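In what follows, a structure is listed as structure tokens, so that the remarks can point back to it.
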Amino acid sequence: MSFRITPLTDPAHGAHSRRLAWLASDADDNPVGTAFLRLFDGGQAHLGELTLHVHPVERRTGVGSRLLDTAVAAARDNNRRCVVAQAGAGSPGDHFLPARGFRRVLTLRYSRLPLAEVDIPSLAEIIERPHTGYRLTAWQGTVPDDLAQTFADSRRAMDDMPMEDSDHGTTTWDVDRVRAAAKAVEQRGDHLHTVVAIDTSDGSIAGFTELVVPGGGTGDAQHYGTGVLPEHRGHGLGRWMKAESIRRAHGHYPDLDGLLTDTADSNTHMRHISDSLGYLPTHTTRQYQLDL
């Protein structure tokens, strides 16, 4: 089969990453596949994140391999140490990636909470149970100015999350970055909701959980991250914050169907929290890594 690879100008650049894109076309100029390579900066400047799609009819014709070779060459040209990609368990990508030299480094378990089945009295009992030395607060959109610095500081709670064998690196957060992330959610028309646990001894944020709700308030919302700083772990803050996030979503968005979350298979603590709150497993994806 004759086809060509064309570089594209991709507008999906962020403040801390940029994305390269390619289109594969057949001899009649019909699109048959795409590849995108996200290049990060800061603590992830060694990493390229690949997303590759080939039309089902065109698989096993060499399109995927050509797109992959192009993206890997670009990663090397940009001094990346590795390229990562995700594939659903049992999907064509789950077979394609290891056949092209990628190794499996991380398994992610996805779960969903049907909001219609939430036991509100049980949820209220979790939320109202005292957590000595802490209180909950919440906001929608951008973090309030008086909490901006401590919220940025609290993001290091995610630095040691279980990532199995993935060469994931760390993301460096400051006030500008947390505000930019909130702005990006707002610009695409969605709603970012954040619940935090405050250390009452000094007013600092001990942990946080984020939820992004679709702009229309329907369908499923997506948890973006839940983390508790190491020095505040062991007090049940993760479950407490997540329960409050569920309560708020249930009360503020009556047409919302459910909440989605994903957790590393090895993160048994967070998986237990989700299970205890009624989240039900939906599917599994695998992250693969190619070391350059």
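This one's a predicted model, so the numbers in the text were calculated from it and none came from an experiment.
The side-chain heavy atoms of Leu115 and Tyr253, taken from C-beta on, include no pair separated by under 4.5 Å. With contacts defined as side-chain heavy-atom distances shorter than 4.5 Å, the pair Ser204/Asp153 does not qualify. In this structure the side chain of Arg4 reaches within 4.5 angstrom of the side chain of Asp29, judged on heavy atoms. Taking the side chain as every heavy atom from C-beta outward, Leu277 and Ile126 approach each other to under 4.5 Å.
Between Ala75 and Val83, the shortest heavy-atom distance links the atoms CB-CG2, 3.6 Å. Between Gly93 and Ala87, the closest heavy-atom pair is C-CB, 3.5 Å. Scanning both residues, Ala157 and Gly227, for their nearest heavy atoms gives CB-C, 3.7 Å. Annotation for Gly48 and Leu39: closest pair CA-CD2, 4.2 Å, computed over non-hydrogen atoms. Nearest heavy-atom pair, Leu256 versus Ala249, reported as atom, atom and distance to 0.1 Å: CD2-CB, 4.3 Å. For the residue pair Pro31 and Leu23, the shortest heavy atom distance occurs at CB-CD1, 3.8 Å.
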List, one per line, each side-chain donor-acceptor pair under 3.5 Å for residues 205-222, sequence neighbours excluded.
| from | atom 1 | to | atom 2 | distance (Å) |
| --- | --- | --- | --- | --- |
| Thr209 | OG1 | Thr226 | OG1 | 2.6 |
| Glu210 | OE1 | Arg155 | NH1 | 3.2 |
| Glu210 | OE2 | Arg155 | NH1 | 3.0 |
| Asp220 | OD1 | Arg112 | NE | 3.4 |
| Asp220 | OD1 | Arg112 | NH2 | 3.1 |
| Asp220 | OD1 | Gly258 | N | 3.0 |
| Asp220 | OD2 | Arg112 | NE | 3.0 |
| Gln222 | NE2 | Leu260 | O | 3.3 |

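Of the possible donor and acceptor atoms, none in the side chain of Ser65 sits under 3.5 Å from a partner among the backbone N and O of Gly62. At distances below 3.5 Å, not a single donor-acceptor pair connects side-chain atoms of His235 with backbone N or O atoms of Leu237. Ser245 places no side-chain N or O within donor-acceptor distance of the main-chain N or O of Met241, the cut-off being under 3.5 Å. A distance-only check finds no donor-acceptor pair linking the side chain of Asn78 to the backbone of Arg80 [under 3.5 Å]. Under a 3.5 Å cut-off, the side chain of Asp28 and the backbone N or O of Asn30 do not form any donor-acceptor pair. Remark: the backbone N or O of Thr261 is not paired with any side-chain donor or acceptor of Ser111 at under 3.5 angstrom.
The structure places NE2 of His46 at 4.5 Å from CZ of Arg81, a figure rounded to the nearest 0.5 Å. Atoms OG1 and CZ, from Thr51 and Arg19 in turn, are 7.0 Å apart once rounded to the nearest 0.5 Å. Expressed to the nearest 0.5 Å, how far OG1 of Thr6 lies from CH2 of Trp22 amounts to 12.5 Å. With rounding to the nearest 0.5 angstrom, the CE atom of Met158 is 13.5 Å from the CZ atom of Arg156. Note that NE2 of His250 is 10.0 Å distant from CG of Leu259, once rounded to the nearest 0.5 Å. Between atom CG of residue Leu290 and atom CG of residue Leu97 there is a gap of 9.5 Å, rounded to the nearest 0.5 Å.
Heavy-atom contacts from other residues, nucleotides or ligands closer than 6.0 Å to CZ of Arg60 number 12 or fewer.
Classification of the Phe151-Trp139 ring pair by plane angle, with boundaries at 30° and 60°, yields perpendicular.
No chain of hydrophobic side-chain contacts below 4.5 Å, direct or via other Ile, Leu, Val, Met, Phe, Trp or Tyr residues, connects Tyr279 to Tyr110. A single hydrophobic cluster is seen to contain both Tyr288 and Leu292, as judged by linkage of ILVMFWY side chains at heavy-atom distances under 4.5 Å, directly or through other members.
For Asp165, the side-chain hydrogen bond (donor to acceptor under 3.5 Å, both in side chains) test picks out no residue, with sequence neighbours left out.
No donor-acceptor contact under 3.5 angstrom links the side chains of Arg286 and Thr107, judged on distance only. A donor and an acceptor atom, one from each side chain of Thr263 and Arg271, are nowhere located under 3.5 Å apart.
Taking 4.0 Å as the cut-off between side-chain N and carboxylate O, Asp275 and Arg109 do not count as a salt-bridged pair.
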Query raised in the report: When you look at Asp174 and Arg179, which way does the salt bridge (charged side-chain N to carboxylate O under 4.0 Å, His left out) test go after all the steps?
Result: CA-CA 9 Å; Asp174 57 19; Arg179 286 174 173 160; over 6 Å; no
**Report entry** Step-by-step side-chain contact (heavy atoms from CB on, under 4.5 Å) determination, Val118 to Ile246
**Finding:** CA-CA 9 Å; Val118 170; Ile246 296 167; 4.2 Å; yes
